[in-house]
Protein chains: 2
Amino acid sequence: MDVGQINVQRQNGVALWRQIADRIRASIANGEYDATGMVPPEMVLAAQFGVNRHTVRSALAALAQEGIVRAMQGRGTLIERKERLNFPISQRTRFTEGIGDQARKKEGLLLSSAEEPAPAALASSLRIAEGAPVIRLETLRKADRRPVSRSTNWFPAGRFAGMKEAYEASGSITAAFQALGLSDYWRFSTEITATHADGADLADLQLSPGAIILVARALNVDPDGVPVQYAVSRFPADMVQFTIAN
Amino acid sequence: MDVGQINVQRQNGVALWRQIADRIRASIANGEYDATGMVPPEMVLAAQFGVNRHTVRSALAALAQEGIVRAMQGRGTLIERKERLNFPISQRTRFTEGIGDQARKKEGLLLSSAEEPAPAALASSLRIAEGAPVIRLETLRKADRRPVSRSTNWFPAGRFAGMKEAYEASGSITAAFQALGLSDYWRFSTEITATHADGADLADLQLSPGAIILVARALNVDPDGVPVQYAVSRFPADMVQFTIAN
DNA sequence: TATGGTTGTCTATATTAATAGACATTTGAG
DNA sequence: CTCAAATGTCTATTAATATAGACAACCATA
């Protein structure tokens with residue numbers, strides 16, 4: 001096997017151990033170590049990355065902290081978890097259905113809620129008057145007990161007055177809409193960007209600092225094309241991918 | 001104006017100055033400093049982030065290196081560049097058209113090319129036999145002389161034998177397809193993930209280490225639904241966003 | 001032209017990241 | 001049992017990161 005030197009950048013604000021941890025995490029997600037179910041030995045990784053073994057150990061310790069690997073003295077470092085949830089994005093995008101059977105247990109938790117006047121940009125998206133009341137729900141979604149996204153959702157307050165209670169009862173936006181008389185809705189548009197995790201991401205999504213967040217800004221409309229929800233959702237980038245099928 | 005403390009993480013593999021540089025870059029892209037066209041004074045930023053002024057200076061120096069800001073002694077730090085290109089993703093996704101008038105000058109450069117046998121996963125996507133010959137083009141796309149994506153493109157070698165020359169001549173996949181007799185094609189599917197920039201990203205896209213990359217894996221098909229191109233494109237996350245309109 | 005606000009530069013110190021080497025401990029296989 | 005291979009732990013040193021303080025240089029403007 002040819003073992004080319006793998007490129008890492010020095011002296012540039014991102015510690016070597018973190019760069020290496022990110023690479024190994026990606027390799028695990030890509031199935032590169034599926035043959036053995038283990039990460040290569042520390043000395044091998046150190047040679048591949050051209051760093052000291054202790055630096056590799058720092059990277060592996062971070063991955064162990066995330067629950068991705070588990071080091072076993074005398075044996076090697078086992079891969080514990082290897083997951084990347086796929087979220088299809090289409091006209092009928094729904095979180096719970098989208099996960100499908102990729103996870104057994106799906107949860108939606110309400111972190112907080114408020115009623116507030118819509119700022120200009122939001123009002124424009126929802127096609128309501130600036131300052132008109134909107135209901136804001138901060139939610140956390142989990143799959144198999146692991147947090148996979150945190151979202152801020154806005155709804156026109158006039159039309160969906162009981163949104164908070166309906167979501168709390170069901171843990172699902174789709175179910176809440178149905179409880180409030182909206183049986184169907186469509187995804188009108190989705191914007192996707194990426195950024196570094198902020199403090200709230202780290203806490204709510206149980207990430208380690210330096211993690212990457214995929215941000216999806218979505219507008220949902222009813223069958224008549226009237227906006228019913230604007231949502232900003234943040235996903236850990238190493239756990240999910242989006243698929244757009246045309 | 002209330003100036004809440006902005007959260008930065010210590011001792012976690014990403015240097016404070018880099019975290020702060022990333023935040024300021026994002027704030028610039030979000031238009032938060034449009035009123036003045038300048039970044040707040042170093043002392044103000046230091047207070048906001050809860051760090052020493054020298055740490056903020058390191059962050060600003062990095063942004064100046066990227067050409068995003070320019071410090072002027074006695075006056076302040078001017079915002080030089082503020083861009084986030086929007087890429088619509090749809091059935092008719094095309095790079096050049098997608099940018100539209102967001103940039104004046106659009107270029108497509110061929111970095112390298114090769115003909116090689118298709119590995120299993122690629123062959124499956126392109127619906128050809130494993131090991132069948134494919135043409136691989138490594139390309140770099142620029143808008144207004146700034147690199148905005150680097151892509152690896154695969155085409156079935158039998159059908160698109162002159163792809164390399166056609167692309168070199170036009171700098172456009174769409175034009176190359178037309179030159180080879182394919183007048184129209186559709187985007188069949190797109191997968192989007194995010195990761196840290198690797199060494200090649202840093203070099204080709206002129207990024208600073210720690211930058212985030214949006215990765216799009218796309219399959220294009222001809223009007224009969226036959227796959228004609230599989231592409232993996234990498235975009236600097238702080239320069240672009242994807243929009244999916246349904 | 002005097003002043004306040006801003007960036008530029010310098011010195012010094014403490015903490016963190018990375019390297020280097022040595023040796024202990026555990027496991028699996030011969 | 002013995003040995004090779006792998007992870008665990010320890011000490012020491014160097015380089016990078018971050019803080020602290022002082023003052024110079026420059027700019028706009030009152």
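Just so you know, these numbers use all the heavy atoms, side chains as well, and skip hydrogens, waters and symmetry mates. Because the structure is predicted, anything quoted here is derived from the model rather than measured. Reminder, nothing fancy here: chain letters follow the sequence lines and each chain counts from 1.
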Note to self: More than 12 heavy atoms of other residues, nucleotides or ligands under 6.0 Å from CE of B:M38: yes or no?
What the structure shows: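 Enclosed.
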
Next item on the list: Flag the pair A:F242 / B:F242 as yes when their ring centroid distance falls below 6.0 Å, and as no otherwise.
Entry: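 Centroid distance A:F242-B:F242: not below 6.0 Å, so no.
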
Check: Does the pair A:E80 and A:V69 meet the rule for a side-chain contact (heavy atoms from CB on, under 4.5 Å), with working shown?
Finding: CA-CA 5 Å; A:E80 286 275 281; A:V69 301; 5.6 Å; no

Next item on the list: Salt-bridge test for A:E115 and A:R136: reply yes if a basic N is under 4.0 Å from a carboxylate O, no otherwise.
Entry: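 Salt bridge absent between A:E115 and A:R136.
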
Margin query: Are A:V148 and A:K142 packed together at the side-chain level, in the sense that at least one heavy-atom pair is separated by less than 4.5 angstrom?
Written below: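 A:V148 does not reach A:K142 side chain to side chain.
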
Notebook entry, point to check: For the side chain of A:A15, counting heavy atoms from C-beta on, which of D:dG8, D:dA18, C:dA18 is nearest?
Noted result: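 Looking only at heavy atoms from C-beta outward on A:A15, the closest nucleotide is C:dA18.
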
Notebook entry, point to check: When you measure from the side chain of A:V51, which nucleotide among C:dT19, C:dT6, D:dG8 comes out closest?
Noted result: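 In terms of side-chain proximity for A:V51, the closest of C:dT19, C:dT6, D:dG8 is C:dT19.
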
Return the value, rounded to whole Å, for the distance between atom [atom1] of [X] and atom [atom2] of [N].
{"X": "B:R70", "N": "C:dT7", "atom1": "CZ", "atom2": "P", "answer": "14 Å"}
{"X": "A:R57", "N": "C:dC23", "atom1": "CZ", "atom2": "C1'", "answer": "13 Å"}
{"X": "A:I20", "N": "C:dT19", "atom1": "CD1", "atom2": "C1'", "answer": "12 Å"}
{"X": "A:M38", "N": "C:dT27", "atom1": "CE", "atom2": "C1'", "answer": "10 Å"}
{"X": "A:L16", "N": "C:dA20", "atom1": "CG", "atom2": "P", "answer": "12 Å"}
{"X": "A:E42", "N": "C:dA20", "atom1": "CD", "atom2": "P", "answer": "16 Å"}
{"X": "B:L45", "N": "C:dT7", "atom1": "CG", "atom2": "C1'", "answer": "13 Å"}
{"X": "A:L60", "N": "D:dT9", "atom1": "CG", "atom2": "P", "answer": "14 Å"}

Notebook entry, point to check: Under 4.0 Å: is that the gap between some side-chain N or O of B:T55 and OP1 or OP2 of D:dT19?
Noted result: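 For D:dT19, OP1/OP2 do have a side-chain N/O of B:T55 under 4.0 Å.
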
Margin query: C:dA17, OP1 or OP2 - any side-chain N/O from A:S58 closer than 4.0 Å?
Written below: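 Checking A:S58 against C:dA17: no side-chain N or O falls below 4.0 Å of OP1 or OP2.
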
Note to self: Hydrogens and angles aside, do B:R141 and B:S151 bring a side-chain donor and acceptor to less than 3.5 Å of each other?
What the structure shows: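 Result is yes, a qualifying pair exists.
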
Margin query: Under a plain distance cut-off of 3.5 Å, with no hydrogens placed, do B:T152 and B:E138 share a side-chain donor-acceptor pair?
Written below: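 There is such a pair between these side chains.
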
Next item on the list: Would you give a per-nucleotide map of nucleotides 21-29 of chain D, 5' to 3', where B means the base has a protein non-hydrogen atom under 4.0 Å away, S means only the sugar-phosphate does, and - means neither?
Entry: BB--BBSS-

